[in-house]
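Accompanying notes for the structure given below.
Below, read A as the first sequence line, B as the second, and so on, with proteins coming before strands; counting in each chain starts at 1.
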Amino acid sequence: MKVFRTLLAKELKLYFFGTSFYMVSSVLSIGLFLLFRFTYPSEQINMEIAVSVLWSVHMISSLFSLIASQEWEWEANALRAVKLSGVEGYIVFLTKSIASIGSMFLLWILEFLVWMVLYGGDIFKPSTGGYSAGQMTAPLTNMIFQLLVCGMLASIGIALIGQITSVLALHSRFRHVLMFIVFFPISIPLMISASSYSRLAVQLKGWSAGLNFLSLEAAFCLFFTAAGVILYDYLWEE
Amino acid sequence: MSGVLLKFNQLKKQFGYHRAVNSASGEICENEFISLYGVNGAGKSTLLYLLSGVYKPDSGSIDYLNLGKKNFHLKMQLMSHQSMFYARLSAYDNLFFFQELYGEARISEVLFALEMTGLIKARSKFIDGFSRGMIQRLMIARMILAKPEFVFFDEPFTGLDIQGQKLLLSIIENRGIPALHWKIKSFIFVDHDIDRAYELTSTVWYIQNGELQKPMTKNEMPLDQLRELLG
């Protein structure tokens, strides 16, 4: 437990001091949102497209977090020193994943707030039934919680997949390219599920609609947690 | 010399088409202090990385005997070109973190190690702003905290100023720091200063084109002959 705490504290410190990637991700996200928002007139962008924009932006900006996490270990071979002290690979995987999840979810919340400002007009229209007499209705409050749950699950999934693909790419000279190539195809089903569930959520269809998409996200998370715990050491060594 | 600590047999390591270590077999005994010689690219650093566990051999084996692999690694430190520190953590945070992994970190001990190595004023600075010499000093600080029984020195004096060199030299000459109850049982030393390495050690290893030759005592390999060999 002590080793777990020590490694987690180290990861959180690295994320805390790694302000440059937060800045890059935030600027990139806002830039992409603005590009989509003002390239197309608002009447041409319906909420179905808008949620896809949210998830595409989140996926791209998350990669910066994952690359940063990978670079910290690559520089000066620091992870090797950690491993030489006898730490098991699965502990490294879990602590790195937890710190990545926190950082990505934080990033997602920031992106979600910007997204709401730019695209939220439709949601708050009285005609959609989400906003009435100057107050948020229950369906609208539900929608926000639904999106938060969906955002959390997707962040967990991206972080887990990202940590596994990072360690796969770590020893390669083309690690940045390799990571993109491996990461995207694996995470696409996760992103489709997140987009689909979010689309139903912003249509105020309630918790039960699209539950299969949320279940798929959860299944992804469970599968990659197990895969990471079992395979991390092997992938790193080989 | 007394009991054998570690045995290795037919170690091989290849990078792409380059065979860095072709064949290395031998053993390291307690109270054996080894200097490893070879021309540039002979495979000295790779052999140290293989023995310390940084690299995994392509073939061959390392037998950690009674100590076991995990225990050996916990009692071992490597001082090499690779600092193995986190660049975006401060000197203090790096030392504290690694000390926590190797045992119980105490703030006073970490500060003492920083003081001893002359890094106390730079304790809050990130490593990515450190010079090569400061990183070397930080590696000495990590060693002082860990009190390893086995050390692999790979050109440890590189980048160190005179004060840093004196500190490291006293550690190597005294086989640790007696006042801190730290005793080094064995080390392997790679240094381009042939005379210094020869003086500080008892056994001579020579590696040529990735092949480790039979270990020699100083009587079997006089300094003049060694100089001629490395010529």
Mind listing the closest non-hydrogen atom pair of Ala81(A) and Tyr102(B) along with its distance? O-OH, 3.8 Å

Within a reach of under 6.0 Å around CZ of Phe223(A), are more than 12 heavy atoms found that belong to other residues, nucleotides or ligands? no

Can you establish whether the number of heavy atoms outside Asn209(B) located under 6.0 Å from its atom CG is more than 12? no

Where is the tightest heavy-atom contact between Tyr86(B) and Val82(A), given as atom of each residue plus distance? OH-CG2, 3.5 Å

Residue-level interface, residues 2-14 of chain A with chain B, non-hydrogen cut-off under 4.5 Å: Lys2(A), Val3(A), Thr6(A), Leu7(A), Lys10(A), Lys13(A), Leu14(A)

Tell me, yes or no, whether the heavy-atom count around Arg132(B) atom CZ, taken from other residues, nucleotides or ligands under 6.0 Å, exceeds 12. yes

For residues 12-21 of chain B, which residue pairs pass the side-chain hydrogen bond (donor to acceptor under 3.5 Å, both in side chains) check, not counting sequence neighbours? Gln14(B)-Arg19(B), Arg19(B)-Asn22(B)

Name the option with the most non-hydrogen atom pairs under 4.5 Å to chain A; the candidates are Ile135(B), Asn94(B), Asp93(B). Asp93(B)

Measure distances from Phe72(B) to the heavy atoms of chain A and classify the residue's part below 4.5 Å as side chain, backbone, both or neither. neither

Contacting region of Phe98(B) [heavy-atom separation from chain A under 4.5 Å]: side chain

If you count every heavy atom of other residues, nucleotides or ligands that lies below 6.0 Å from Tyr90(A) atom OH, does the total exceed 12? no

Kindly write out the residues that satisfy salt bridge (Lys or Arg N to Asp or Glu O under 4.0 Å) with Arg88(B), not counting sequence neighbours, or none if the list is empty. Asp128(B)

Enter the distance from Ser85(A):OG to Glu100(B):CD here, rounded to the nearest 0.5 Å. 11.5 Å

Minimum-distance pair of heavy atoms, taken over all atoms of Leu84(A) and Met76(B): CD1-CE, 4.2 Å

What part of Phe97(B) gets within 4.5 angstrom of chain A, counting heavy atoms only: side chain, backbone, both, or neither? both

Please state whether the side chain, the backbone, both or neither of Glu104(B) comes within less than 4.5 Å of a heavy atom of chain A. both

Answer yes or no: are there more than 12 heavy-atom neighbours, outside Gln10(B) itself, under 6.0 Å from its atom CD? yes

Where along residues 42-53 of chain B does a heavy atom come under 4.5 Å of chain A, listed by residue number? Ser52(B), Gly53(B)

